[in-house]
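Scope of the values below: all heavy atoms of this structure, side chains included, with no hydrogens, waters or symmetry mates. Naming convention: chains lettered A, B, ... in sequence-line order (proteins, then strands); numbering from 1 in each chain.
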Amino acid sequence: MSNTSENPNPSSSSAKITLKTSDNELFEVEEAVAMKFCTVKQYFEDEKDNDVAARGSSTVIPLPNVHSAVLARLISYCKKLPQSNAVADNHEEEETKKKERKQYGTPGDLVDLISAANYLDFKEGLEFFNQALADHIQNKSVEYVRKFFGIKGDFEPHEEEKYREEYAWAFEGVDED
Amino acid sequence: MDVSFPLNSGKNRKFRKKQNAKKSRKRIEDLPDPIIQHILSYLSTEEAVRTSILSKRWKYLWTSIPKLDFDEGELDRRMMFMKFVERVLALHDPSDIKNFSLSCNVQYDTSRINAWICSVVEHKVQELDLYLRNFQEPLALPPCLFTCESLEVLVLHMFHSLKLPSSISFSSLKFLALEKVIFSDDHSTQQLFTGCPILEDLSIIDCIWKNVKAVFDASIQFFKRDAEYDFLDAHRVFKLLSGLGNVETLTLNVGALEVLSYAKELFAHLPVFYKLTRLNFESAFPIEFDREALLTITRNSPCLNYLSFGTVALFELQLVCLPTYCGNHDGIMNPVPSCFVTNLKTIEIFGFCGDEKEMHAVKILLGNASVLERIVIICDEFYFEFHGDLKKKPKEIFEQILLFPRGSRSCTVHFLLGICNAPRVTVTLVTCNGTFIPMNI
């Protein structure tokens, strides 16, 4: 544990910041990674202003809304972030990205990642995971989406029937899986 | 995997497991509205609207999506389609509709379609893509479109005459693409182009100019030109090129350039493209690089550092084009374009087949470009598939090219085998610096 307090080789690029999750786990992450999370960045800068964080890694930033399992995945995503988040400019690239998005598992996982990314104000992550979740809705029937995300339909049957008719165009050619 | 580890993981392992199990699982319903709206923005319009019947909470969440995309397609469900577009536009909340794309038959519904366009103009549309067909009555697009301040991208594809209002002011328009459009007269057409003060990229594809004599005055500053298929008159092409003196990237359809040859006296008056750094020649036929028109343009581009032959447009399946050189000057371009000895760093050739004329062209290019850093040659995979012997022939060609004398010692040769419409160059063989590495992707 001594490596948290004393960095034998301090340089700006390898400066570490310690984050504490809701389940009291401590994560030591590179400053560059931590600064992707705007909430952390804001906290860090405020601390700096207060001159408390003069010695960098000695501060522990609490993240009471983020669980360690989720934070670990966010950090690993963060490290893999491509340099430019340019929009895929051809079909193949889009397919690769889609596959990449698929790796982030079940909708439940994604919802956890999204709410954590939202709390941390982690823009790239939010975009990525939101899109991953959208992939799960793409081309799926209403029944499928409800089941998949555990959404309880609360329209009266005749109401639902009415809306289906009004938007009939949108219900053409949907996968019924 | 380099996931950051909790520092006290050893000590807490048992403990953590328990907490993991206890960790409350969030559901999509727990996410705040703005997040769900963001998720919906990744869906097509139909998909987003479909979520409205998931539950009461979702009923209006889609109404803020910033991108609307309607395609009538081939299905004969016109009533349903029209009703859908109208409903979606009517229910959309007051937030901006940044992108609007509409592909449909017009029939007798010009007023309905115009109402939609007015509606998205009110929603501060930034990108508008209209593909209109099957006109049963004449269409005049609504005047509000032509003074839309938010519009940055306009794509208009319709085989119909373009009736323009008296006032045109696209103050934010950077990209304009017109396809199959019939220009009505000199005055209004000229007004259209002068009404786009910050236009950067103009594409005019298969448009009909027969009612127009002269369009391009020098008011056009920065242009990237795309395909030119229908300039049938040398003087018109000349006028166009003369107005493009400030262009930085130029894509020229060689067919249009060829027309210039009918008025050779004009060559001497072509402008010098002082700002031009990237020049793409494209064509559906082999490009004869020794043609006077091509050479003159190249000679008049002193700062050129990138030159390509082939199609780099984003349309599916275009024919390939190759540079050929049939000149009998025995490898000497006379005079050599000045950019060849001062600035030209990269040459790219798409759709290479390795026939004699092409090889000759490559030889000339390699021999004369004395500051060249790299030449990328992309072989036409289809060609070699049709002619069998997929692996051997490109290898021979490549080896032969490596033996050509090079004007630049530091030039590397990259030889790729792929499908040649550039957006999806699928590379199966990659070679550079003389090594030949088969790669399957």
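- Considering all non-hydrogen atoms of both residues, Gln138(A) and Glu47(B) come closest at CG-OE2, 3.2 Å.
- With contacts defined as side-chain heavy-atom distances shorter than 4.5 Å, the pair Trp58(B)/Ile151(A) qualifies.
- The two residues Trp169(A) and Asp71(B) come nearest to each other via the heavy atoms CZ2-O, 3.3 Å.
- Residue contact with chain A, scored on non-hydrogen atoms closer than 4.5 Å, involves the side chain of Arg87(B) exclusively.
- In this structure the side chain of Ile28(B) never reaches within 4.5 angstrom of the side chain of Ile114(A), judged on heavy atoms.
- For the pair Arg50(B)/Val142(A), a side-chain contact is recorded, criterion being any heavy-atom separation below 4.5 Å from C-beta on.
- Using a 4.5 Å cut-off between heavy atoms, Lys56(B) touches chain A through backbone and side chain atoms alike.
- Only the backbone of Glu165(A) comes within contact range of chain B, with at least one heavy atom under 4.5 Å from a heavy atom of that chain.
- Taking CD from Glu143(A) and CG from Leu54(B), the interatomic distance works out to 9.5 Å, rounded to the nearest 0.5 Å.
- When Lys59(B), Arg57(B), Glu29(B) are compared by the number of non-hydrogen pairs under 4.5 Å with chain A, Lys59(B) comes out ahead.
- Looking at every heavy atom in both residues, Gly150(A) comes nearest to Arg27(B) through O-NH1, 2.8 Å.
- Only the side chain of Leu31(B) comes within contact range of chain A, judged by heavy atoms closer than 4.5 Å.
- A pairwise comparison of heavy atoms in Arg146(A) and Ile53(B) identifies NH2-O, 2.6 Å as the closest pair.
- For Tyr60(B), the OH atom sits in a loose shell: 12 or fewer heavy atoms of surrounding residues, nucleotides or ligands are nearer than 6.0 Å.
- Only the side chain of Pro32(B) comes within contact range of chain A, with heavy atoms under 4.5 Å apart.
- What you find for Phe155(A) and Ser52(B) is that their closest heavy atoms are CE1-O, 3.6 Å.
- Between Tyr167(A) atom OH and Thr51(B) atom OG1 the span is 9.5 Å, to the nearest 0.5 Å.
- Contact between Asn130(A) and His38(B) at its shortest, heavy atoms only, is ND2-ND1, 2.7 Å.
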